There are 2 protein chains.
Amino acid sequence: MQTTLKRRETMHRLCGKGLEIFNEKGYYNTSLDDILQELSLSKGAFYHHFKSKEDYFINIVQNLIVQKVYALLIEPLDTNENPIPVIVESLENALEPGKKNEMAYGFMLNDFLTEFNKRNEEISGYLKNIISVWEVNLVAVLKRGKVDGHIARHIDCEGAATYIIASYLGMRSLMTDSTNRQLKYQYIQQLKQYFKSISATQITA
Amino acid sequence: MQTTLKRRETMHRLCGKGLEIFNEKGYYNTSLDDILQELSLSKGAFYHHFKSKEDYFINIVQNLIVQKVYALLIEPLDTNENPIPVIVESLENALEPGKKNEMAYGFMLNDFLTEFNKRNEEISGYLKNIISVWEVNLVAVLKRGKVDGHIARHIDCEGAATYIIASYLGMRSLMTDSTNRQLKYQYIQQLKQYFKSISATQITA
DNA sequence: AAACAAACCGACTTATGGGTCGGTCAAATG
DNA sequence: CATTTGACCGACCCATAAGTCGGTTTGTTT
């Protein structure tokens, strides 16, 4: 059926452009007209597909953002290698603004989390959920690291995961300019330093 | 003159309550009427003292927030002791919601930084400036730590300061509920772990 | 081709919230 | 006591933006 395809395609275009602009300017600072104008669509078209701006954004979160976080931060953890370089690499990669003018997905989470934290509990919940899944996976991979002898026995994996996530999210507030290589480099260096301190092999300082 | 005193007092009340509510609900999600109603003041009174909402908030930043950040995060660094426990203690303290229903100042910075990042360059600038002063002081105290033999020689102090700040700011996104002792505990523990890795005395793992 | 439905249009409604302005009242000034 | 000035009042103005709705176009079905 062509009509169903048309529906999908328009919704897809709306979500893609929406994420792009929300990410750029923030959710509450972006009007639907801002997005609609970019796509040459009307209010009518929008409300034909989504029941509200909120519903629209939830759609974006549950599809695009979840998907991207999985791809960038969670799936890479699924190996049997030493988890430490794997985690470092995934974070490094997530902070990288996409190769061909893609978005810097590494930034989205902290921005949206903060924006919705005090304003919309439902959306806030979805976002926290993403973090929570990420955390669970980090904990799992760290624990496996213990078993495999890569991570020191006495380390609190839950605490370590929290700490890793916090430092990652916090980098966003410092990196106004997403292309700041200096800050990114510093972050990765210190992260490695931290990892050395929780690794099983003694430091050769 | 009594009138001048009256002026000061009203402005002071406005700024205090403003910070409280902005911190609770966010700047853009708080209307002037929200604040004015709490203080039983009118629009007229407000605009008699401040030329705009923006001007008002800049006032709050430059007075109240700057002052609090200095008191909580910067001044404590000014000792000759081993910087590591000093820094840890200051962060621990800053994450603590004030004893008698004061605000959790540790949270404000990340929230406001993110909120203004894409919306108001001027306010953004003032906030980043605060972070920058903090960073400078952290770097200084870390460097002194090297000289005094508390911190390992090979450590990049600028990078370490950045990393400390990032993890601190990022905790805010995780601690929705400012009284979450579990998360705070985890954070402090891992922070100490990190500090062990940059300290001059070898780890006794 | 007729009938129907889905996709889309855009003017309109409504609520919100920053900012204005003419005015009141009380304290300071002379 | 008369006048001025600073603090404050609150109705009003106006821009923005979410959401509505009656209508048009386009595609599908019979």
Side-chain angles (χ1 to χ4, degrees), chain A residues 1-61 112 115-116 118-123, chain B residues 1-61 112 115-116 118-123:
Chain A
M1 288 160 191
Q2 279 309 75
T3 60
T4 316
L5 275 182
K6 193 88 197 291
R7 179 177 181 82
R8 272 201 200 292
E9 195 234 313
T10 302
M11 288 176 81
H12 193 263
R13 281 204 309 147
L14 275 166
C15 288
K17 183 60 80 177
L19 178 56
E20 182 188 325
I21 303 188
F22 286 142
N23 183 42
E24 229 169 70
K25 307 202 309 170
Y27 175 83
Y28 290 107
N29 195 32
T30 300
S31 72
L32 293 178
D33 284 326
D34 290 343
I35 299 164
L36 264 10
Q37 197 176 351
E38 288 264 316
L39 296 173
S40 300
L41 281 174
S42 68
K43 273 279 173 68
F46 179 87
Y47 282 96
H48 182 66
H49 295 299
F50 299 99
K51 71 180 226 288
S52 65
K53 189 185 180 186
E54 185 185 16
D55 173 58
Y56 171 49
F57 191 73
I58 290 175
N59 224 287
I60 290 176
V61 172
F112 288 139
E115 187 167 15
F116 290 107
K118 298 156 173 172
R119 292 187 74 158
N120 187 313
E121 238 176 286
E122 190 182 355
I123 295 183
Chain B
M1 287 163 187
Q2 277 308 74
T3 60
T4 316
L5 276 182
K6 194 85 197 292
R7 178 179 181 82
R8 272 201 201 291
E9 195 232 313
T10 303
M11 288 177 81
H12 193 262
R13 281 204 308 148
L14 274 167
C15 288
K17 182 62 80 178
L19 177 56
E20 183 188 324
I21 304 188
F22 286 142
N23 183 43
E24 230 168 69
K25 307 202 310 168
Y27 175 82
Y28 290 106
N29 195 31
T30 300
S31 72
L32 292 178
D33 284 326
D34 290 343
I35 298 164
L36 264 11
Q37 197 176 351
E38 289 263 315
L39 296 174
S40 299
L41 282 174
S42 67
K43 274 278 175 68
F46 179 88
Y47 281 96
H48 181 65
H49 295 298
F50 299 98
K51 71 180 228 288
S52 66
K53 189 185 180 187
E54 186 184 15
D55 172 58
Y56 172 48
F57 191 74
I58 290 175
N59 224 287
I60 291 176
V61 172
F112 288 139
E115 187 168 14
F116 291 108
K118 298 157 174 171
R119 292 188 74 159
N120 186 314
E121 237 175 286
E122 191 182 357
I123 295 183

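What you see is a predicted model; the values in this text were computed from it and never measured. What you see below is based on every heavy atom in this structure, not just the backbone, and it leaves out hydrogens, waters and symmetry mates. A, B, ... follow the sequence lines: proteins, then strands. Residue 1 opens every chain.
- OP1 or OP2 of dG18(C) lies within a sub-4.0 Å distance of a side-chain N or O belonging to Lys53(B).
- The interatomic distance linking Leu5(B) (CG) with dA27(C) (P) rounds to 14 Å, in whole Å.
- Atom CZ of Phe46(A) and atom P of dA18(D) are 9 Å apart (whole Å).
- Of the side-chain N and O atoms in Thr10(A), one or more sit less than 4.0 angstrom from OP1 or OP2 of dC8(C).
- Spacing between atom CZ of Arg119(B) and atom C1' of dG17(C) amounts to 13 Å, rounded to whole angstrom units.
- The distance from atom CZ of Arg8(B) to atom C1' of dA7(D) is 15 Å, rounded to the nearest whole Å.
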| task | Could you walk me through whether Glu9(A) and Lys6(A) pass salt bridge (charged side-chain N to carboxylate O under 4.0 Å, His left out), step by step? | result | CA-CA 5 Å; Glu9(A) 195 234 313; Lys6(A) 193 88 197 291; over 6 Å; no
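- Within the 4.0 Å cut-off from OP1 or OP2 of dG19(C), not a single side-chain nitrogen or oxygen of Lys51(B) is found.
- The phosphate of dC12(C) (OP1 or OP2) has no side-chain N or O of Lys43(A) nearer than 4.0 angstrom.
- With rounding to whole Å, Tyr47(A) atom OH is found 17 Å from dG22(D) atom P.
- One finds a side-chain N or O of His49(B) lying less than 4.0 angstrom from the OP1 or OP2 phosphate oxygen of dC8(D).
- In terms of phosphate contacts, Arg7(A) brings a side-chain nitrogen or oxygen within less than 4.0 Å of OP1 or OP2 of dA7(C).
- Checking dA7(C), dT20(C), dG10(D) against every side-chain atom of Lys6(A), the shortest atom distance belongs to dA7(C).
- Residues passing the salt bridge (charged side-chain N to carboxylate O under 4.0 Å, His left out) test with Lys25(B) are Asp34(B), sequence neighbours excluded.
- For DNA chain D, the neighbouring residues in residues 18-39 of chain A, judged by any heavy atom under 4.0 Å, are Thr30(A), Ser31(A), Leu32(A).
- His48(A) has no side-chain polar atom (N or O) that falls below the 4.0 Å cut-off from OP1 or OP2 of dC8(C).
- Residues passing the salt bridge (charged side-chain N to carboxylate O under 4.0 Å, His left out) test with Lys43(A), sequence neighbours excluded: Asp33(A).
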Taking it one step at a time, do Phe112(B) and Ile123(B) satisfy side chain to side chain contact (heavy atoms under 4.5 Å, CB included)?
-> CA-CA 9 Å; Phe112(B) 288 139; Ile123(B) 295 183; over 6 Å; no
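- Not counting sequence neighbours, Glu24(A) has no partner by the salt bridge (charged side-chain N to carboxylate O under 4.0 Å, His left out) test.
- For the helix from dA1(C)-dT30(D) to dG30(C)-dC1(D), the terminal axes (five pairs an end, C1' atoms, rotation from four pairs onto the next four) enclose an angle of 10°, given to 10 degrees.
- Here dC9(C) presents its P atom at 6 Å from CG of Leu41(A), a figure rounded to the nearest Å.
- In this structure, Leu14(A) atom CG and dC8(C) atom C1' are separated by 12 Å, rounded to whole Å.
- Note on ring orientation: taking the six-membered ring where Trp is involved, the planes of Phe57(B) and Phe22(B) are perpendicular (angle over 60°, cut-offs 30° and 60°).
- Shortest non-hydrogen contact noted between Lys53(A) and Leu32(A) is CG-CD2, 3.8 Å.
- Note: Tyr56(A) and Phe50(A) have tilted aromatic rings, judged against thresholds of 30 and 60 degrees for the angle between ring planes.
- Here the straight-line distance linking atom CG of Asn29(B) with atom CD1 of Ile21(B) works out to 11.5 Å at 0.5 Å rounding.
- By the side chain to side chain donor-acceptor pair (under 3.5 Å) test, Glu54(A) pairs with Asn120(A), sequence neighbours left out.
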